[in-house]
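Here is the structure we will look at, set down as structure tokens.
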There are 2 protein chains.
Amino acid sequence: MSIQERKEIEKQELRQKIVDVAIELFIDEGFENLSMRKIADKINYSPTTIYNYFKDKTDLMFQIMNESFGRFLVNIEKAIGEESSDPLEAMKRGLKAYIQTGLDHPKNYRLIFSACTRCNEVELECHHKTENGEKALEQLIGAVTECINHGYFTKKDPLDLAQLIWAALHGLTILMIENPHFAINNRDQLKEDMANMIIRGLKI
Amino acid sequence: MSIQERKEIEKQELRQKIVDVAIELFIDEGFENLSMRKIADKINYSPTTIYNYFKDKTDLMFQIMNESFGRFLVNIEKAIGEESSDPLEAMKRGLKAYIQTGLDHPKNYRLIFSACTRCNEVELECHHKTENGEKALEQLIGAVTECINHGYFTKKDPLDLAQLIWAALHGLTILMIENPHFAINNRDQLKEDMANMIIRGLKI
DNA sequence: GACAATAGTTAACAGTGCTAACTATTATAA
DNA sequence: TTATAATAGTTAGCACTGTTAACTATTGTC
């Protein structure tokens, strides 16, 4: 390993540490209390060091958002459990797993989508795409295509259907997380009903 | 009109002015640039005056959120247009109107739901209910009940169904607003598809 | 051993939410 | 009519924020 290689690795390690600590702080202390100075304190560096690794706070936010998206995907995989031979069965399990995973890790889920809230509020033009977000969508498109090919779903554009599904799931998940009053007494029922509504709505 | 009444009215007027200016600033300058001092500047009062009318910034946020919700409802009514005799027809028009109104006034829509993002991030416990939010839900429940009574929708708890519908609509609307990449080329199609998916999903 | 690049630092600016202590103004009761 | 009390608004200040510019110390290269 050359010196340059070692330096590069060290750089990546510190960068990753910043991301990890930022997520930790977000989870522990919330959105409003996540500051560059607190992150710096936690890693025992001066606040300005962070700016050698991230353009600004928004940039950092998008990195931790992407990282959290990755962790969310891992958790979903776990929640889905063993593979299913029937695509429709797999789809239904996936739908419920998405909502449940969001509810199980509300702060994580919130983090994934709260970066956008910070991004260029004025113009509502955020040009970031998260790598892991794209990956998730690809996976969902695959599952939808399976359902179409097996004659379960209407023969429409799989991307369209995937976006429909994602939107519906996200809506329920984020409302439940952000509004503790929403469906306080019937969350399990609603989760089930949402999965059923989606599948019935797209069935041939 | 007694002196007390006049004073009360003046108080309400200033309070309303603060709310109006706060909304204006949010729309014009965005979330991050909305500060107590800027609001104070705009109404030519000292910043601390605001604290005589609102407990803190979060409190003010919830007031402007409620106000925006009210304006949103007015705009939806407009978008729905004339009354329809058929409840299912009315429902479909309402569904599309919700999404379209959100897209037509993205900053307004975002404001309605961004207050929660600020509320007690740590515990995810926000105990505010917005009056206008409750009102909207009541209305939706009414429309759903109509559809059930006419034999269009499955005989389930109208509150459940209304929450399902709202969640799905909200998910699509907020994703489109917050993520400019989401469904950039097929938004009209998606709006239509979402309405159809919901109705097919709930039909008897 | 000189030079340059890199990584990290300190100091500072302009702005933030919010509180405490103060001052005027106004309405009520004697 | 005047003293008292309540109300509405003010100033000054605290502890914090993101971010930049200028600096220093360390390290690798020639």
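Remember, it's a predicted structure, so these values are computed and weren't measured experimentally. Letters go in sequence order (proteins before strands), and every chain restarts at 1.
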Note to self: Applying salt bridge (Lys or Arg N to Asp or Glu O under 4.0 Å) to Lys17(A) and Glu13(A), what does each step give before you reach the verdict?
What the structure shows: CA-CA 6 Å; Lys17(A) 181 137 200 184; Glu13(A) 278 175 353; over 6 Å; no
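In this entry the distance linking CE of Met36(B) with P of dT19(C) reads 10 Å, nearest Å. Computed from coordinates, the Leu60(B) CG to dT16(C) P distance equals 14 Å when rounded to whole Å. Rounded to whole angstrom, the span from the CD atom of Glu10(B) across to the C1' atom of dT25(C) amounts to 13 Å. What separates CG of Asn33(A) from C1' of dC18(C) is a distance of 14 Å, to the nearest Å. The nearest whole Å value for the distance from the NZ atom in Lys38(A) to the C1' atom in dT16(C) is 14 Å. Between the CZ atom of Phe31(B) and the P atom of dG18(D) there is a distance of 14 Å, rounded to whole Å. One interatomic measurement links the two molecules: CG of Asp59(B) to C1' of dC18(C), which rounds to 14 Å at whole-angstrom precision. Between Lys57(B) atom NZ and dT19(C) atom P there is a gap of 14 Å when expressed in whole angstrom units.
Proximity of a side-chain donor or acceptor of Thr49(B) to a complementary backbone N or O of Ser46(B) within less than 3.5 Å is detected. A donor-acceptor contact shorter than 3.5 Å is absent between the side chain of Asn186(A) and the backbone of Gln189(A).
Taking the side chain as every heavy atom from C-beta outward, Leu34(A) and Met61(A) approach each other to under 4.5 Å.
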Next item on the list: Let me have a per-nucleotide readout for nucleotides 4-14 of chain C, 5' to 3', with B, S or -, counting only protein heavy atoms under 4.0 Å.
Entry: ---SBBBBB--
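Lys55(A) comes within contact range of no nucleotide atom at all, as no heavy-atom separation falls under 4.0 Å. When heavy atoms are screened at a 4.0 angstrom cut-off, Leu34(B) is found touching the sugar-phosphate backbone but no base atom.
Considering every non-hydrogen atom in both Lys92(B) and Ala195(B), the closest pair reads CG-CB, 4.3 Å.
Taken from NZ in Lys156(B) to CG in Asp193(A), the straight-line distance is 4.0 Å, to the nearest 0.5 Å.
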